[in-house]
Amino acid sequence: MIPELPLFPEQASTMAGPVDQLYFFLIALSAFFSLLVAGLIIAFSIRYRRRRVRLERPEDFGMLQLEIGWTVLPFVLSMVIFYWGAMLFIDLRRPPADSLEVFAVGKRWMWKMQHLEGRREINELHVPIGQPVKVTLTSEDVIHSFFVPAFRVKQDAVPGRYTDLWFEATKPGRYHLFCAEFCGSQHARMIGQVIAMEPADFQAWLSGTERGAAPVSMAEAGKRLFTDLGCVTCHQTDDSGRGPSLVNVAGSAVELSDGSSVVADSAYLRESILRPQQRVTAGYQPIMPTYQGLVGEDQVLELIAYIESLRDRGSTPLGEVTQRKTEAATEGTAG
Ligand code: HEC
Ligand SMILES: [Cu+2]
């Protein structure tokens, strides 16, 4: 009747295996040297315990080969650990270009998730298996941390900043989601689930058919906010407004009034909405009001999704909402 005590969480992502291999290698290496050193201490203290005989020529004890050996071996081992760890880290830090995008906002004490297609969830994240998923994180209050042990991924969600992590789930199931950064009295209850589904089931879930009405996409929701908050009064689809046109701004280089330039990534767009005076676009007056406190982080994400959908290309009419995921995949290197 002893309850099962799993020492290791299930391996449910493509990264789980490689992360565990490095971990076990480090454990084995540490165990080997710990036992070696402990064994030698015991063996030597018996062998060289104090006796009547005095050692005659202590200067003979130097051994060049031994010196070289215990210098070179730790060096090689630490380089192996470094290379292995660095390669894994680089893989973990770089979401593949064809990743599905989802958004998670930490808030004491819950996770608010958004899908580009519009479905929202609290403390649950539905994802398809067999496809990389990039989670963009931020926080409305303090630092939280998005931790899915079965996927071997963990990333802080920092207020005022976007961070991200990615994973590719390998088998359907429900996996624990923890907040791994102490964030207040209810921190321990800031838990949720990542639900990995077969791609077809995920599509059905995403389009909301199980509930009837199709959800409003993030870009559509952002477009509504853009009207409701009065952004349209200054930002038109051409440069006739008091503010610059936002068509094609996302991902492009923006000239600033101090002569420098900046790539309009999501962090810049976010700052432009919440603290417009921080970096003023060249050729414009700093008249844009701040929206800090007026919009939540999830709404900022929707506004950004809308701005990123504003593309002036070929058949897409200005202001029409286009699909962002496919664009991100084809534009990986363009910015
Ligand atoms: C009173 C007019 C006005 C309103 C309302 C306004 N803006 Fe602006 N906006 C500007 C001006 C002027 C600039 C350029 C100067 C600057 O960077 O502050 C600007 C800059 C921006 C930029 C940076 C664009 C670039 O090319 O660097 C973004 C993004 C933006 N606004 C989004 C918004 C959003 C979203 C809203 C609504 C929530 C909004 N603006 C409401 C006037 C406005
Ligand atoms: Cu938390």
Side-chain angles (χ1 to χ4, degrees), residues 104-112 122-123 137-148 154-159 163 176-192 218-219 221-258 260-310 312 319:
V105 178
K107 182 180 187 243
R108 284 188 288 183
W109 285 274
M110 59 169 141
W111 292 105
K112 296 191 286 180
I122 301 248
N123 289 341
L137 298 163
T138 190
S139 164
E140 297 223 334
D141 36 46
V142 299
I143 300 179
H144 302 277
S145 188
F146 191 97
F147 180 32
V148 188
K154 178 165 76 178
Q155 173 65 50
D156 281 5
V158 184
T163 54
H176 289 295
L177 164 65
F178 295 111
C179 174
E181 183 68 51
F182 182 71
C183 57
S185 58
Q186 303 293 304
H187 162 71
R189 291 168 65 184
M190 189 167 162
I191 47 181
M218 277 178 76
K223 187 177 182 176
R224 285 183 197 170
L225 281 171
F226 203 74
T227 312
D228 295 348
L229 294 168
C231 316
V232 271
T233 58
C234 294
H235 296 285
Q236 260 107 59
T237 44
D238 53 22
D239 276 327
S240 63
R242 288 197 288 163
S245 153
L246 299 180
V247 176
N248 290 338
V249 162
S252 71
V254 173
E255 300 278 328
L256 299 178
S257 56
D258 64 1
S260 63
S261 82
V262 60
V263 173
D265 56 8
S266 44
Y268 170 79
L269 294 176
R270 179 183 179 280
E271 185 198 84
S272 293
I273 297 167
L274 298 180
R275 282 173 291 130
Q277 322 292 335
Q278 199 82 9
R279 286 186 280 186
V280 175
T281 314
Y284 289 89
Q285 296 301 312
I287 53 161
M288 176 167 157
T290 170
Y291 286 85
Q292 187 95 55
L294 292 176
V295 286
E297 290 292 346
D298 40 355
Q299 294 175 313
V300 175
L301 287 167
E302 288 169 351
L303 283 168
I304 292 175
Y306 171 60
I307 295 171
E308 291 187 339
S309 75
L310 292 173
D312 168 17

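Order of listing sets the numbers, starting from 1, for every ligand and every atom in it. Worth knowing before you read on, the calculation uses all heavy atoms, side chains too, and leaves out hydrogens, waters and symmetry mates.
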Would you say NE2 of H176 has more than 12 non-hydrogen atoms from neighbouring residues, nucleotides or ligands within 6.0 angstrom? no
Per-atom filter on ligand 1: closer than 4.0 angstrom to a heavy atom of Q285 are 12 (C), 15 (C)
Exam field: side chain T290 to backbone L274, donor-acceptor pair closer than 3.5 Å: yes
I need the minimum non-hydrogen distance between H187 and C179, along with the two atoms involved. CE1-O, 2.9 Å
Relative to the heavy atoms of G230, which atoms of ligand 1 are at a distance of less than 4.0 Å? 5 (C)
Apply side-chain hydrogen bond (donor to acceptor under 3.5 Å, both in side chains) to residues D156 and S145 and explain how you reach the verdict. CA-CA 4 Å; D156 281 5; S145 188; 3.0 Å; yes
Would you mind running through ligand 1 and noting each atom that sits below 4.0 Å from a heavy atom of I287? 1 (C), 12 (C)
Would C183 count as a contact for the Cu ion (ligand 2), in the sense that one of its N, O or S atoms lies under 2.8 Å from it? yes
Side-chain donor/acceptor of H235 to backbone N/O of G241, under 3.5 Å: no
Between V254 and ligand 1, which part of the residue brings a heavy atom under 4.0 Å of the ligand: side chain, backbone, both or neither? side chain
Return the residue, atom name and 0.1 Å-rounded distance of the protein heavy atom closest to atom 16 (C) of ligand 1. T281 N, 3.6 Å
Matching residue for R270 among E297, E302, E308 - test: salt bridge (charged side-chain N to carboxylate O under 4.0 Å, His left out): E297
Provide the atom name of the closest N, O or S atom of H144 relative to the Cu ion (ligand 2). ND1
Quick check against the 3.5 Å criterion: does N123 have a side-chain atom that pairs as donor or acceptor with the backbone of M110? no
With a 3.5 Å distance limit and no angle check, can you tell me whether T227 reaches the backbone of K223 through a side-chain donor-acceptor pair? yes
Enumerate the atoms of ligand 1 whose separation from the nearest heavy atom of V280 is less than 4.0 angstrom. 15 (C), 16 (C), 17 (O)
Out of all atoms in ligand 1, which are within 4.0 Å of some heavy atom of L269? Include the element for each. 29 (C)
Run through the protein N/O/S atoms less than 2.8 Å from atom 8 (Fe) of ligand 1 and write them out by chain and number. H235 NE2, M288 SD
Look only at the side chain of S257 and the backbone of T281, and say whether a donor-acceptor pair between them is shorter than 3.5 Å. no
When distances are taken from atom 27 (O) of ligand 1, the protein heavy atom at minimum range is Y268 OH, 2.5 Å
Measure from the side-chain N and O atoms of Q278 to the backbone N and O of R275, and report whether any donor-acceptor pair falls under 3.5 Å. no
In degrees, rounded to 10 degrees, what angle do C179 atom SG and M190 atom SD make at the Cu ion (ligand 2)? 110°
Grab the two heavy atoms, one from K112 and one from I122, that are nearest each other, plus how far apart they are. CG-CD1, 4.0 Å
Does R279 come within less than 4.0 Å of ligand 1, judged by its heavy atoms? yes
Short list, please: which atoms of ligand 1 are under 4.0 Å from a heavy atom of R242? 1 (C), 12 (C)
Which pair of heavy atoms, one from L269 and one from A250, lies closest together, and at what distance? CD1-CB, 4.2 Å
